[in-house]
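This one's a predicted model, so the numbers in the text were calculated from it and none came from an experiment.
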Amino acid sequence: MIMGAQIQKKILMLTDFSPAATKALAYAQFIFKDQPTHFHILHLYTPSIAQSRFMAVSIGMNHAEDLSLNLAIKGLEEQLALAKKGNQIPQHSFSTQASFNLLVPAVKEVLSQEHFDMVVMGHKGKTGIEANFMGSQTLRLIKGAIGVPILAVPLKVSFKFPKSIAFATDFSRFFAASELAPLVSLAKDFKATIQVVQVRDPQIIPTEAQQFNLLMLHKYLKELPFEEHRIKGVHRIARSLGAFSEAHGIHLLALLNYHHNLIEDLSKEAIARKLLKIAVAPLFILPELGMTTHQNFPKTKSNAELFSA
């Protein structure tokens with residue numbers, strides 16, 4: 001329907017068996033329903049040790065760990081059965097894994113052993129921890145610099161193909177081809193239009209570096225339909241992006257994750273009810289890679305090839 005070459009995608013799906021995680025898996029199955037995709041469902045568990053000294057003595061550590069593992073395996077079996085029941089697509093396959101580990105180390109360990117195109121997880125929006133825009137777990141993974149894109153799916157997501165993708169940036173940093181490759185690849189998959197959103201004060205003239213970075217972005221996106229927008233509100237980034245996403249019918253909001261950029265400001269802002277409108281669209285967080293091409297991303301044209309056009 002919308003896909004080109006049928007190359008299998010590999011998705012690392014994080015689950016805690018919550019409604020948000022189940023919704024995120026269903027959304028990923030939906031948007032990739034026309035493409036061969038393997039979903040590796042990962043659940044992290046910790047032994048449920050009672051807090052009181054009496055219970056701590058009564059329950060041995062090994063027993064608690066075995067009990068937690070059994071519960072994790074049972075939960076994964078139920079999650080897998082639910083996923084298959086709601087998505088009987090022959091070109092989709094599944095595997096499961098339970099890991100006794102912390103979030104970032106566990107994800108990095110899995111990624112070091114096998115190639116994945118992205119990590120998908122759910123976040124609860126306003127029903128979760130309101131101090132953080134994307135929820136504590138999602139934010140922790142983003143800050144963990146795992147090296148592959150993260151697709152954070154809100155609980156209230158609408159099941160629509162991402163035909164309109166917003167890429168928000170202040171152009172303060174040079175873009176490497178490898179960093180934007182996942183965004184370009186996803187846009188090609190869905191024949192999407194990219195809305196480049198410049199977050200900056202309109203009273204301030206862009207620097208030469210920012211103008212150069214904009215030129216580079218034009219080169220990277222030259223094979224795709226894209227439009228440019230400028231929004232105000234550098235001190236209220238979430239509010240500005242939320243209003244833009246609603247006004248332009250954005251299906252996916254992409255951000256490049258690097259130090260001292262707008263994503264840090266976005267996650268630190270106090271979240272009011274009006275700002276939660278942005279959480280309706282999934283977030284596609286691109287990792288900072290620098291000038292090297294990451295092995296997990298499809299190869300794109302080199303900088304020399306881009307400038308020779």
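- Atoms CG and CD1, on L141 and I150 in that order, are 4.0 Å from each other to the nearest 0.5 Å.
- Residues F100 and L102 do not share a hydrophobic cluster, clusters being chains of Ile/Leu/Val/Met/Phe/Trp/Tyr side chains in contact below 4.5 Å.
- Shown here are the side chain to side chain contact (heavy atoms under 4.5 Å, CB included) partners of K84, two or more places apart in sequence or in another chain: L80, F94.
- We find the CG-CG distance between L42 and L76 to be 8.0 Å, quoted to the nearest 0.5 Å.
- In this view, K10 and E114 satisfy the side chain to side chain donor-acceptor pair (under 3.5 Å) rule, not counting sequence neighbours.
- Using modelled atom types, no side-chain atom of S185 and backbone atom of A181 make a donor-acceptor pair closer than 3.5 Å.
- Cluster membership for F174 and L183, using ILVMFWY side-chain heavy atoms within less than 4.5 angstrom, is shared.
- Between A254 and I165 the shortest heavy-atom distance is CB-CG2, 4.4 Å.
- Closest of all the heavy-atom pairs between F161 and D34 is CZ-OD2, 4.1 Å.
- The shortest distance between side-chain heavy atoms of K191 and L224 does not fall below 4.5 Å.
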_Using side chain to side chain contact (heavy atoms under 4.5 Å, CB included), reason through K33 and I89 one step at a time and then give a plain yes or no._
CA-CA 7 Å; K33 67 180 182 179; I89 300 176; 3.4 Å; yes
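- Under the 4.5 Å side-chain heavy-atom criterion for ILVMFWY residues, a single connected hydrophobic cluster contains both F226 and F167.
- When all heavy atoms of A168 and L241 are compared, the closest pair comes out as CB-CD2, 3.9 Å.
- Looking at heavy atoms from C-beta onward, L252 lies in side-chain contact with L186 at the 4.5 angstrom threshold.
- For Q198, the side chain to side chain contact (heavy atoms under 4.5 Å, CB included) test picks out F171, R200, L214, E228, R230, with sequence neighbours left out.
- Rounding to the nearest 0.5 angstrom, the gap separating the CZ atom in F17 from the CG atom in L71 is 9.0 Å.
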For residues 18-29, tabulate all N or O donor-acceptor pairs below 3.5 Å that involve a side-chain atom, not counting sequence neighbours.
| unit_1 | atom_1 | unit_2 | atom_2 | d |
| --- | --- | --- | --- | --- |
| S18 | OG | D16 | OD1 | 2.6 |
| S18 | OG | A21 | N | 3.2 |
| T22 | OG1 | S18 | O | 3.1 |
| T22 | OG1 | Q79 | NE2 | 3.2 |
| K23 | NZ | L155 | O | 2.8 |
| Q29 | NE2 | A83 | O | 3.1 |

_Using side chain to side chain contact (heavy atoms under 4.5 Å, CB included), reason through L217 and L180 one step at a time and then give a plain yes or no._
CA-CA 9 Å; L217 185 62; L180 295 181; 3.5 Å; yes
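- Annotation: the span from F175 atom CZ to L215 atom CG amounts to 11.5 Å, rounded to 0.5 Å.
- Put simply, F284 and F159 are part of the same group of oily side chains (I, L, V, M, F, W, Y) that touch within less than 4.5 Å, one to the next.
- Residues passing the side chain to side chain donor-acceptor pair (under 3.5 Å) test with H92, sequence neighbours excluded: N87.
- Without hydrogens or angle criteria, E78 side chain to G75 main chain gives no donor-acceptor distance under 3.5 Å.
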*Could you walk me through whether Q8 and S93 pass the side chain to side chain contact (heavy atoms under 4.5 Å, CB included) test, one step at a time?*
CA-CA 10 Å; Q8 185 187 57; S93 59; 3.9 Å; yes
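- For the side chain to side chain contact (heavy atoms under 4.5 Å, CB included) test, residues two or more places apart in sequence or in another chain that qualify with A72 are H43, Y45, A98.
- No side-chain heavy atom of P287 sits less than 4.5 Å from a side-chain heavy atom of N257.
- The side-chain heavy atoms of D117 and P182, taken from C-beta on, include no pair separated by under 4.5 Å.
- The backbone N or O of I7 sits less than 3.5 Å from a side-chain atom of Q35, completing a donor-acceptor pair.
- Among pairs with a residue in residues 97-112, those fulfilling side-chain hydrogen bond (donor to acceptor under 3.5 Å, both in side chains) read H40-Q97, at least two apart in sequence or across chains.
- Between F116 and V148, the shortest heavy-atom contact is O-CG1, 4.0 Å.
- Heavy atoms only, all atoms of each residue included: S95 and H38 are closest at OG-NE2, 2.9 Å.
- Evaluation of the salt bridge (charged side-chain N to carboxylate O under 4.0 Å, His left out) rule for K160 yields no partner, not counting sequence neighbours.
- Taking CG of L253 as the reference point, atom CG of L283 lies at 5.5 Å (rounded to 0.5 Å).
- By the 6.0 Å contact criterion, CD on Q113 is enclosed, its count of non-hydrogen atoms from other residues, nucleotides or ligands being greater than 12.
- Among residues two or more places apart in sequence or in another chain, the side chain to side chain contact (heavy atoms under 4.5 Å, CB included) test is passed with H229 by Q195, E227, F244, H248.
- Taking CD1 from I41 and CD1 from I11, the interatomic distance works out to 11.5 Å, rounded to the nearest 0.5 Å.
- Both V196 and F212 are members of a single hydrophobic cluster when ILVMFWY side chains are connected at heavy-atom separations under 4.5 Å.
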_L14 and V119: CA distance, side-chain angles, deciding distance, side chain to side chain contact (heavy atoms under 4.5 Å, CB included) verdict_ = CA-CA 7 Å; L14 304 183; V119 175; 3.9 Å; yes
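- Here the shortest heavy-atom pairing between M121 and T138 reads CE-OG1, 3.7 Å.
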